[in-house]
Amino acid sequence: MPEEEYDFTPASRLMQTDEIIQLAEIFVANGVKKIRLTGGEPLVRKDAAEIITALGKLPVELTITTNGTRIAEMLPVLIAAGIKSINISLDTLQPEKFFLITRRDVFHKVRSNIELLLQHKIRVKINMVVMKGLNDNEITDFISWTKHNPIQVRFIEFMPFSGNRWTSNKMFSLAEILAIIEKDFTVLALKGEAHDTAKNFMIPGHDGSFAVISTMTNPFCDTCNRMRLTADGKLKNCLFSDSETDLLTALRKKEAILPLIKAAIWSKKKALGGQLAPDFEKIDATTIQNRSMITIGG
């Protein structure tokens, strides 16, 4: 969470429940096979249960990324909607550091909710953004967690967004992550699937596995097929794109949506939104034209 007071978008400018479903139906009718609800935190919406229930009726794989705090009360809805895999954002296994990062004293609640998901046979992926000097010394702790737990830990390279004070010396790379793990464990690379954003690995004898999302040092732009629809109805054809397509205004004006979606897809830049240098050490984060991650979603 940001240190300063945060001005959240007024509800009137956000997609309403019926608008989310209308847009989702258009995407699904035109070939989208998977929908992921992300945040901020998607489960804090008062209409979260209604949205999840409605999306669960579409012929699509539905999943969610959450901070894990509201899993217990939402579990019946998640199960009824057919959600079989959930990503939990968790950057540390230390309660004190968790409070420092999130400004919320709910570490043990999140850990309990992860156990609850596993008890109900829901696949759990842990999203851990690795930052040098903050939590890179916990990489082996996360790997040890996979020994007797069928979770996948996804180590994510720290990415630059507006307001997150990104600098290259805070970035912990794929190579550095693997070097630390391979000091203590035997690591086997797994064959990837089309459009994977994560490089997957296993450790013999571990119930779980791990992956690395190497956006900065080994990006996957040439096979990426993901689009993001922000809470205020803007379509981003890349996480780092400097432009957005306003679907919500068009929807409210009863204008055609599909041509806007197609135009946005065809305007996608070759790599990293056309904004980031291939050498991460040469990136000047202050020049990036984008939203903060909390307003993009994810």
Side-chain angles (χ1 to χ4, degrees), residues 8-9 13-17 19-45 48 51-52 55 58 60-67 83 85-89 125 127 129 154 156-164 166 194-198 213-216 219-251 257-276 288-298:
F8 291 96
T9 305
R13 287 167 47 196
L14 299 179
M15 293 185 294
Q16 304 304 300
T17 306
E19 294 169 334
I20 292 174
I21 305 309
Q22 287 180 64
L23 290 172
E25 288 174 341
I26 293 172
F27 280 104
V28 173
N30 287 278
V32 168
K33 296 180 173 61
K34 182 175 182 178
I35 292 177
R36 175 179 298 279
L37 297 174
T38 67
E41 172 48 45
L43 297 184
V44 298
R45 280 188 65 133
I51 293 169
I52 292 168
L55 291 178
L58 298 178
V60 67
E61 178 187 350
L62 181 62
T63 185
I64 187 169
T65 296
T66 169
N67 62 25
I83 293 179
S85 177
I86 292 179
N87 289 24
I88 305 289
S89 299
K125 296 179 180 179
N127 288 349
V129 178
R154 291 150 48 98
I156 303 172
E157 291 181 345
F158 184 38
M159 294 175 277
F161 294 97
S162 298
N164 73 345
W166 184 94
H195 314 300
D196 275 350
T197 57
I213 300 177
S214 55
T215 307
M216 304 306 298
F220 36 81
C221 301
D222 56 341
T223 61
C224 178
N225 65 348
R226 284 152 174 77
M227 296 171 285
R228 286 176 181 254
L229 185 62
T230 63
D232 56 352
K234 308 297 194 302
L235 181 65
K236 293 180 71 70
N237 60 20
C238 173
L239 186 58
F240 298 108
S241 61
D242 58 2
S243 62
E244 303 173 347
T245 300
D246 187 354
L247 300 187
L248 181 57
T249 298
L251 182 71
I257 302 299
L258 189 57
L260 296 177
I261 296 173
K262 290 182 176 180
I265 293 171
W266 284 113
S267 66
K268 183 182 173 94
K269 301 292 177 56
K270 180 178 180 180
L272 298 172
Q275 292 208 79
L276 305 187
I288 294 173
Q289 299 180 44
N290 204 352
R291 304 188 188 206
S292 65
M293 192 57 175
I294 195 174
T295 59
I296 293 174

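Predicted model only: the values in this text are computed from it and were never measured.
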Intermediate values then yes/no, side chain to side chain contact (heavy atoms under 4.5 Å, CB included), F240 and T215:
CA-CA 11 Å; F240 298 108; T215 307; 3.5 Å; yes

Shortest non-hydrogen contact from E41 to V44?
O-CG2, 3.0 Å

Under 3.5 Å, is there a donor-acceptor pair between the side chain of K236 and the main chain of S241?
yes

Gap separating the NZ atom of K268 from the CZ atom of R226, nearest 0.5 angstrom
9.5 Å

Go through T65 and N127 one step at a time and tell me if the side chain to side chain contact (heavy atoms under 4.5 Å, CB included) criterion holds.
CA-CA 9 Å; T65 296; N127 288 349; 4.0 Å; yes

To the nearest 0.5 Å, atom CD1 of I51 lies from atom CD of E19 at 10.5 Å

So among L37, V60, V28, I64, which one has a side chain to side chain contact (heavy atoms under 4.5 Å, CB included) with L55?
L37

Is the shortest heavy-atom distance from the side chain of N67 to the side chain of I88 under 4.5 Å?
no

Is the closest side-chain heavy-atom distance between I52 and I83 below 4.5 Å?
yes

Rounded at 0.5 Å granularity, tell me how far CE in M227 sits from CG in N237.
9.5 Å

Looking at T223, is its backbone amide N or carbonyl O close enough to the side chain of H195 to form a donor-acceptor pair, meaning the two atoms are under 3.5 Å apart?
yes

Closest non-hydrogen atom pair, P42 against A48:
O-CB, 3.7 Å

Quick check: do K234 and L248 have side-chain heavy atoms less than 4.5 Å from each other?
no

CD/E157 to CD1/I213 distance, rounded to the nearest 0.5 angstrom?
9.5 Å

Interatomic distance, CD@E244 vs OG1@T230, rounded to 0.5 Å, equals 5.5 Å

Could you tell me which non-hydrogen atom of A264 sits nearest to which non-hydrogen atom of S267, and how far apart they are?
O-OG, 2.9 Å

Nearest heavy-atom neighbours spanning L247 and F27
CD1-CZ, 4.0 Å

Nearest 0.5 Å please: distance from the CZ atom of R45 over to the OG1 atom of T17.
6.0 Å

T245 versus I261: any side-chain heavy-atom pair under 4.5 Å?
no

Is there side-chain contact between L251 and L23, with at least one heavy-atom pair below 4.5 Å?
yes

